[in-house]
Amino acid sequence: MFNAEIYQQRRSQLKSKVKSGIILLMGNEQVGMNFLHNGYTFRQDSSFLYYVGIDLPHLGVIIDIDNDTETLFGDDLTIDDIIWTGPQASMKDWAGKTAISEVKKYKAIISILQSAYHGGRTIHFLPPYRDEHTLKLHEWLGMPPQVCADKASVELIKTIVSMRSYKQPEEIEEMEKAVDISAEMHELFMKSVRPGKTELEVAGLVEGLALSSGGQLAYPAILTASGETLHIHARNVVLESGQMALCDIGAETAMHYAGDLTRTAPVNGKFTDLQKDMYNMILAIQLAAIDACKPGTLYKDIHALSGEMLLEGLKSFGIIKGDVKEALAADAHTLFFQCGLGHMIGLDVHDMENLGEQYVGYTQQMKKQTNFGWKSLRLGRALEPGFTITVEPGIYFIPTLIDIWKSKNKLANFINYSELEKFKTFGGIRIEDEVLITEKGNRILGNKMPPKTVAEMEAIQQQ
Ligand code: GLY
Ligand code: MN
Ligand code: MN
């Protein structure tokens with residue numbers, strides 16, 4: 001945990017911005033994998049971590065703004081618990097670590113909330129993303145489960161986004177740690193990937209570093225020869241010479257700040273000429289996109305810049321023809337770049353995504369688009385100092401998508417389908433780093449960037 005004052009200050013800012021009513025922060029529960037006592041690794045809710053910091057299941061916090069009280073709800077371990085799990089600090093001690101003075105048993109939350117709710121007071125809560133939250137809201141407030149998300153407090157969502165988007169110095173330090181561990185994982189990936197190994201063999205080895213560093217994976221590992229599939233997970237598939245392997249892996253620290261990096265490396269340690277040319281095109285786009293990240297610039301404009309550079313680059317491969325700006329306006333780039341250029345990152349790999357992408361990545365004036373390609377851009381708004389984001393351009397030759405577009409002769413004035421046919425089995429490339437927006441521009445996070453140029457990657461692979 002950070003110092004208690006940090007959580008206290010965050011809560012006091014939260015109170016002064018939300019102004020009135022009751023704020024309910026729900027911690028997460030332990031979830032059983034196949035039965036309760038054989039559970040998934042516990043993961044606390046990120047907003048609960050941000051405002052309270054206690055990384056334990058079965059907790060709740062009520063911040064009563066009108067009466068200026070803060071209460072932690074949770075239960076001390078009984079001897080029946082202690083014989084299985086060992087002793088633990090008391091709830092009173094935990095409350096002290098986050099500067100909350102009042103502690104009550106967990107079940108006391110029910111009557112307090114019910115009388116406040118039925119007394120007509122406003123209860124601010126966040127949209128539930130786990131069934132356990134929905135059930136609690138149903139039980140505590142008598143709300144039908146299907147309306148809980150709609151009844152979430154927009155005021156609370158907006159306030160939390162307005163705070164968590166701007167990373168504090170101690171958070172940036174944690175994020176650097178997450179990137180450093182993730183960078184080590186990528187070095188291990190490059191040293192381990194070999195023809196004859198399966199995706200799972202390499203992924204399992206690399207994932208171990210996240211655990212041995214004291215944290216865990218920030219998201220399920222993507223390590224694959226099928227890099228064209230955006231979020232495919234490692235499979236029991238043998239890697240072959242001549243293929244590229246895309247590795248999108250990140251660790252989260254013990255304090256749950258996420259790393260999210262991607263490298264795409266040749267399985268046998270040497271890119272083919274075509275792979276090298278394609279890789280260098282994506283690298284040039286990534287460097288230009290990072291360079292463009294500065295306060296005031298719309299991230300969606302940087303996404304468009306990447307799309308334009310991609311189309312320009314694909315002209316030299318004979319895949320694109322005609323005017324590149326017109327091709328971009330017609331969304332021709334979405335045949336090759338179906339996702340967004342990046343996203344906010346912090347306590348969540350896609351930071352605050354559970355609060356709603358419109359609130360996190362867009363503004364009142366700028367609505368998130370719904371058309372193919374653009375709908376997957378999670379961040380469109382103007383960048384500001386303190387934002388931490390990913391920059392992850394890529395190229396993805398998805399055979400099924402190409403076949404669909406080709407069968408409709410879609411944008412045939414810009415796309416040379418007969419040439420494209422030759423690239424249908426090329427796969428995919430993504431390069432991803434994390435960037436902090438500063439007053440003057442940006443800084444790539446991490447103390448040691450994993451190899452990124454063709455020469456750097458081939459050198460480490462052939463060691
Ligand atoms: N690792 C998932 C992503 O890059 O968004
Ligand atoms: Mn990412
Ligand atoms: Mn990623």
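Every number for a ligand or one of its atoms is a count from 1 in the order of the listing. Quick caveat: nothing in here was measured; it's all calculated off a predicted structure. No hydrogens, no waters, no symmetry mates; every other heavy atom, side chains included, goes into these values. The chain is numbered in sequence order, starting from 1.
Pairs passing the ring-ring contact (aromatic ring centres under 6.0 Å, His included) check and including a residue from residues 300-326, sequence neighbours excluded, read H303-F337, H303-W374.
Judged by the 6.0 Å distance and 45° axis criteria, R10 is positioned over the aromatic ring of Y50.
The aromatic ring centres of Y7 and Y51 sit 6.0 Å or more apart. F336 and Y396 have their aromatic ring centers separated by at least 6.0 angstrom.
Contacts of ligand 1 (protein heavy-atom distance under 4.0 Å) are Y219, H231, D248, D260, H343, H350, E392, E432.
Residues passing the ring pair (Phe, Tyr, Trp, His ring centres under 6.0 Å) test with H124: none are found, sequence neighbours excluded.
Atoms of the protein (N, O or S only) found under 2.8 Å from the Mn ion (ligand 3) are D248 OD1, D248 OD2, D260 OD1, E432 OE1.
Salt bridge annotation for R381-E384: present, with a cationic side-chain nitrogen under 4.0 angstrom from a carboxylate oxygen.
Between Y417 and N409, the side chains place no donor N or O within less than 3.5 Å of an acceptor N or O (distance only, hydrogens not considered). Side chains of R235 and S226: a donor-acceptor N/O pair is present below 3.5 angstrom, by distance only.
At least one N/O/S atom of H343, whether from backbone or side chain, sits less than 2.8 Å from the Mn ion (ligand 2).
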Could you walk me through whether M449 and D433 pass the side chain to side chain contact (heavy atoms under 4.5 Å, CB included) test, one step at a time? CA-CA 9 Å; M449 159 133 6; D433 286 302; 3.9 Å; yes
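With hydrogens and angles ignored, the 3.5 Å screen pairs a side-chain donor or acceptor of Q275 with a backbone N or O of T272.
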